[in-house]
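Read through the structure below, which is laid out as structure tokens, and then see the notes.
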Amino acid sequence: MKKNYKKWLQIILLLSIVLVLTACGNVNEPISAESTNLWDRYIIYNLSQFIIWLSNLFGGSYALGIIIFTILIRALLIPLTKMQLKSQREMQALQPELDKIKEKYPNRDRESMQLAQEEQQQLLESHGVNQFAGCLPLLIQLPVMMSLYQSISRTPELKQGHFLWTNLGQMDPLFILPILAAVLTFANSYFTMKSNKNPNSQVKTMMYIMPAFILLISLGLPSAVTLYWVVSNAITLIQTFVYNNPYKIIAEREAKLQAEKEKQRALRKALKRVKK
């Protein structure tokens with residue numbers, strides 16, 4: 001387990017460095033092949049050129065270029081997404097036991113909370129569950145979104161592109177894309193939580209807070225970035241039903257419960273026959 005923690009810390013550290021580099025870029029200066037900044041020249045510029053290249057493959061539509069780019073990114077993240085969904089399912093299965101540990105330490109003093117956390121961690125380790133695995137795909141997407149934002153805002157061609165009613169370099173005037181991003185975020189949370197037999201209050205709260213947070217952020221972003229978010233969330237929703245279908249999980253749980261009831265019923269009948 002220590003090796004796993006070191007691995008996660010290294011990954012998070014690398015992501016943090018990427019975020020810092022992203023923030024260091026001059027968001028007001030257009031990028032070009034002559035840009036001297038390492039981040040601008042080799043990351044932002046090449047990313048913008050890749051999106052333009054994809055767009056040219058589809059008739060010069062920058063919106064289609066961004067959509068295809070999003071699909072490619074999510075395809076590369078499929079192994080991590082599977083790991084994320086698996087982690088969510090394992091955490092849901094262990095939630096009743098985690099709640100029992102919380103009930104065991106009702107006091108909110110520091111010592112009780114520490115003991116509860118230690119027991120919960122031991123429970124997760126004994127089942128081989130990493131509670132941080134579900135965060136990795138999101139952490140990776142953050143620098144992608146930041147670099148995409150700079151690519152759009154600092155590349156004249158992409159800023160002038162259009163998608164239906166929107167200018168890709170400006171915020172959606174009808175707020176449809178931000179609303180879609182928020183709705184899809186809610187849908188992802190809802191269907192993820194639906195298979196959880198005993199969701200805790202924090203999960204329920206986040207199901208409403210995250211969409212509101214996404215909506216507020218999207219209102220100030222270029223439509224190109226919001227479009228990325230909409231497509232990415234739509235793909236996540238599809239992947240949830242493919243790899244972690246909540247209705248299938250519920251059906252399997254009910255079938256298992258029914259099988260256990262039938263087993264107990266047969267055992268009671270057998271005992272009655274023995275007594276006779």
Please output the side-chain donor-acceptor pairs of residues 212-224 that fall under 3.5 Å, not counting sequence neighbours, one pair per line with the distance.
unit_1, atom_1, unit_2, atom_2, d
S218, OG, I214, O, 2.7
S223, OG, Q170, O, 2.7
S223, OG, D172, N, 3.2

With rounding to the nearest 0.5 Å, note down the distance linking [atom1] in [X] to [atom2] in [Y].
X: T240; Y: N233; atom1: OG1; atom2: CG; result: 10.0 Å
X: I209; Y: T185; atom1: CD1; atom2: OG1; result: 13.5 Å
X: L237; Y: S189; atom1: CG; atom2: OG; result: 10.5 Å
X: S48; Y: I43; atom1: OG; atom2: CD1; result: 11.5 Å
X: L227; Y: L180; atom1: CG; atom2: CG; result: 10.0 Å

Exercise. Got R74 and V231 here, is their nearest side-chain heavy-atom distance under 4.5 Å?
Worked result: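 A side-chain contact is absent here, since even the closest heavy-atom pair is not under 4.5 Å.
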
Validation: residues 56-73 side-chain donor-acceptor distances under 3.5 Å, sequence neighbours left out:
unit_1, atom_1, unit_2, atom_2, d
N56, ND2, I52, O, 3.3
S61, OG, L64, N, 3.2
T70, OG1, I66, O, 2.7

Problem set entry | Results of side-chain hydrogen bond (donor to acceptor under 3.5 Å, both in side chains) for N188 - residues two or more places apart only | none

Exercise. For E254, what residues pass the side-chain hydrogen bond (donor to acceptor under 3.5 Å, both in side chains) criterion, not counting sequence neighbours?
Worked result: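 Per chain and number, E254 pairs via side-chain hydrogen bond (donor to acceptor under 3.5 Å, both in side chains) with no residue.
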
For this session: Could you state whether L174 and M171 fall into the same hydrophobic cluster, counting links through intermediate Ile, Leu, Val, Met, Phe, Trp or Tyr residues with side-chain heavy atoms under 4.5 angstrom apart?
Result: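 L174 and M171: separate clusters.
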
Exercise. Side-chain heavy atoms under 4.5 angstrom apart, residues restricted to Ile, Leu, Val, Met, Phe, Trp, Tyr: same cluster for F175 and V230?
Worked result: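 No, it is not one cluster - the side chains of F175 and V230 are not joined through contacts under 4.5 Å.
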
Exercise. Does anything in residues 228-252 pair up under salt bridge (charged side-chain N to carboxylate O under 4.0 Å, His left out), and if so which pairs, sequence neighbours excluded?
Worked result: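 For residues 228-252, and leaving out neighbouring residues, the salt bridge (charged side-chain N to carboxylate O under 4.0 Å, His left out) pairs sorted by first residue read R89-E252.
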
Exercise. By side chain to side chain contact (heavy atoms under 4.5 Å, CB included), which residues pair with Y190, not counting sequence neighbours?
Worked result: F186, K194, M207

